[in-house]
K.L.:
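Before I ask anything, here is the structure I am working with.
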Amino acid sequence: MRRLNCFVFTVLMLLSSVNLLAKENLIQILSPQDYSLHRETTINIVVKVTPAKVDELKIITSIEEKSVKIGKTATMNCKNILLRLGENRVTIRAYKDGKMVSEQIARMYVASDIFYRFRYPPIQYKQTFFHTDTNEALCKKCHNMTSNEIKNVAFIDVKESNCYVCHSHITKDKFGHAPAVNWLCGACHNGKAGVENMQNQGRSKYLAAQPVDQECFKCHKSNYKKWSKARYRHEPLDSGNCNKCHNPHSSPYSKFVRKPVDEICLGCHKDKHIKARELDNSECQGGIDKTKECVDCHNPHASNRPFFLRDKDDQRDKKEKR
Ligand code: HEC
Ligand code: HEC
Ligand code: HEC
Ligand code: HEC
Ligand code: HEC
Ligand code: HEC
Ligand code: HEC
């Protein structure tokens with residue numbers, strides 16, 4: 001009996017693997033790789049299909065469902081999609097005459113330094129890189145894969161940037177950072193690694209150094225002058241990771257902070273949530289004056305006063321630039 005079961009099982013396994021192979025030929029997800037790790041909540045999906053056997057693709061995530069009609073010769077199909085923080089599963093279904101003929105799944109994880117839950121991605125997720133000669137060769141036929149930016153010279157029409165067609169979504173949010181909205185991507189993505197990502201040197205043409213602060217300070221010189229002299233510096237600033245709090249491209253919040261300011265602070269200072277918001281006799285004045293946000297009293301970067309409390313000449317700049 002046991003042997004028989006085993007036999008049946010093997011036959012089933014063989015059948016199903018043959019089946020899988022047959023399906024894989026119809027659609028192939030070229031990007032992103034399965035179990036890839038990301039920082040942005042947008043991504044490009046690139047699917048290779050056999051056009052004679054597939055006439056429609058459905059790209060399904062927990063946020064949206066996109067349908068792509070396949071032209072007679074369209075082997076390569078590319079779409080921007082949105083992701084959520086944490087685990088995402090993207091299902092690609094291929095159809096012919098309304099009948100599903102194949103299905104592929106890619107898993108990806110969007111990590112965040114300011115939300116504890118998403119700070120440490122499960123180990124099976126790995127950072128992957130797209131911009132290598134081998135990968136770019138797959139797109140070259142239809143896309144110009146070289147950089148056409150001139151250092152410090154903004155594009156008059158950003159659509160002229162060779163990067164725009166694939167990455168247009170990265171600057172879509174209301175508050176855009178000047179070098180990004182002018183498509184001077186090379187200001188930060190110069191291919192150089194920093195001490196924290198030295199192991200990735202050479203894995204992408206457009207690597208950005210980690211920590212990234214030295215790139216930021218090349219333009220933000222006055223900030224550097226002020227903060228490097230301050231008596232107290234906030235740990236995430238001192239370690240150079242401006243991008244923990246700021247999205248260097250664009251964000252729905254002023255100064256491109258990744259979340260409303262209080263949420264950013266409380267993401268790392270969870271205890272303050274209880275102290276500042278729930279206890280009356282809070283040491284921290286936040287709980288007493290609920291009209292104030294954390295950064296009305298604390299400078300998020302540095303200060304000469306303990307706890308980075310603001311001085312009279314260091315008031316919060318509430319001007320919205322865009
Ligand atoms: C057979 C030609 C062809 C190949 C090969 C090709 N693409 Fe495309 N791609 C297109 C066309 C056509 C568009 C639409 C362009 C437009 O809207 O101006 C496009 C658009 C895109 C978009 C934007 C999609 C959106 O939702 O706005 C992305 C991202 C993209 N391609 C990525 C890639 C990547 C990555 C590769 C290589 C792995 C690749 N493409 C290879 C033809 C191709
Ligand atoms: C044909 C489409 C295409 C073009 C053109 C393109 N990219 Fe990408 N890029 C991708 C894809 C696909 C990824 C993988 C991550 C994703 O889907 O967002 C990627 C990833 C990246 C990354 C993350 C690091 C890496 O290597 O994965 C950076 C940075 C980047 N692109 C910058 C640029 C810049 C700068 C340009 C213009 C010089 C550019 N890209 C042009 C498709 C493209
Ligand atoms: C001010 C510096 C800066 C500029 C300008 C900039 N980036 Fe980035 N970018 C970064 C940093 C730092 C990261 C590292 C991850 C993060 O914090 O989001 C990054 C990450 C990325 C990623 C990978 C996100 C992921 O999911 O892992 C892509 C793609 C990207 N940038 C594309 C671009 C493109 C395209 C441009 C030009 C429009 C651009 N960047 C301009 C600093 C910059
Ligand atoms: C190529 C030059 C350049 C680089 C590199 C650069 N920035 Fe900027 N940044 C600008 C310009 C120009 C502005 C708009 C002028 C202004 O408002 O001060 C700006 C504005 C800002 C603002 C909003 C300032 C305000 O008062 O509204 C923040 C925040 C910011 N940048 C953060 C960063 C971070 C973080 C980095 C590194 C990841 C960085 N910048 C790298 C040029 C740069
Ligand atoms: C702990 C989170 C955090 C880190 C790390 C951080 N910032 Fe900020 N930054 C903020 C917040 C919050 C604001 C103010 C937003 C507001 O007032 O609405 C801000 C405002 C700014 C401004 C505009 C106001 C000003 O003070 O000039 C600039 C420029 C800036 N940051 C650049 C940087 C650079 C460059 C780095 C890295 C060297 C960095 N930030 C690191 C949270 C941070
Ligand atoms: C990426 C994580 C992170 C974010 C986001 C963050 N902090 Fe911090 N903060 C730290 C670390 C790490 C320290 C140093 C260790 C400690 O004292 O807890 C620190 C220290 C502090 C201190 C000094 C505490 C002491 O006892 O000396 C204050 C005050 C503070 N942060 C306020 C803020 C405010 C206000 C914000 C929002 C603008 C913020 N933090 C956002 C990580 C963060
Ligand atoms: C009305 C001004 C004010 C606001 C708003 C405020 N704080 Fe404070 N905070 C202080 C002062 C003053 C101290 C110095 C210690 C004390 O006097 O108790 C402090 C101390 C701290 C400390 C270090 C001491 C400790 O208990 O760990 C942290 C961390 C901190 N605040 C974070 C925050 C966060 C996060 C927010 C937003 C939720 C916030 N603060 C809002 C005034 C404020």
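Starting from 1, each residue takes its place in the sequence as its number. Order of appearance sets the numbers: ligands from 1, and atoms from 1 within every ligand.
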K.L.:
Between atom 8 (Fe) of ligand 7 and H298, is there an N, O or S atom separated by less than 2.8 Å?
P.N.:
yes
K.L.:
Quick check: does N152 get an N/O under 3.5 Å from an N/O on ligand 4?
P.N.:
no
K.L.:
Report yes if some N/O of H143 lies less than 3.5 Å from some N/O of ligand 1; otherwise report no.
P.N.:
yes
K.L.:
At a threshold of 2.8 Å, where the distance has to be below it, does atom 8 (Fe) of ligand 4 have an N, O or S atom of C216 nearby?
P.N.:
no
K.L.:
Report yes or no: does C219 have an N/O/S atom closer than 2.8 Å to atom 8 (Fe) of ligand 4?
P.N.:
no
K.L.:
So, is H177 polar-close to ligand 4, with some N/O to N/O distance under 3.5 Å?
P.N.:
yes
K.L.:
Counting each atom of ligand 7 from 1 as listed, which ones have a heavy atom of C265 under 4.0 Å away?
P.N.:
35 (C)
K.L.:
So which of C139, C166, G71 gets nearest to atom 38 (C) of ligand 1, if we judge by its closest heavy atom?
P.N.:
C139
K.L.:
Ignoring angles and geometry beyond distance, decide whether N80 reaches within less than 3.5 Å of ligand 1 through its nitrogen or oxygen atoms.
P.N.:
yes
K.L.:
With sequence neighbours left out, which residue pairs that include part of residues 236-258 fulfil the ring pair (Phe, Tyr, Trp, His ring centres under 6.0 Å) condition?
P.N.:
H177-F256
K.L.:
Please walk me through it: do F308 and H298 pass ring pair (Phe, Tyr, Trp, His ring centres under 6.0 Å)?
P.N.:
CA-CA 5 Å; F308 325 121; H298 297 277; 7.4 Å; no
K.L.:
Say whether, by atom type as modelled, one donor and one acceptor occur between the side chain of D173 and the main chain of F175 under 3.5 angstrom.
P.N.:
no
K.L.:
Out of S168, C142, C78, P32, whose heavy atom sits nearest atom 22 (C) of ligand 1?
P.N.:
C78
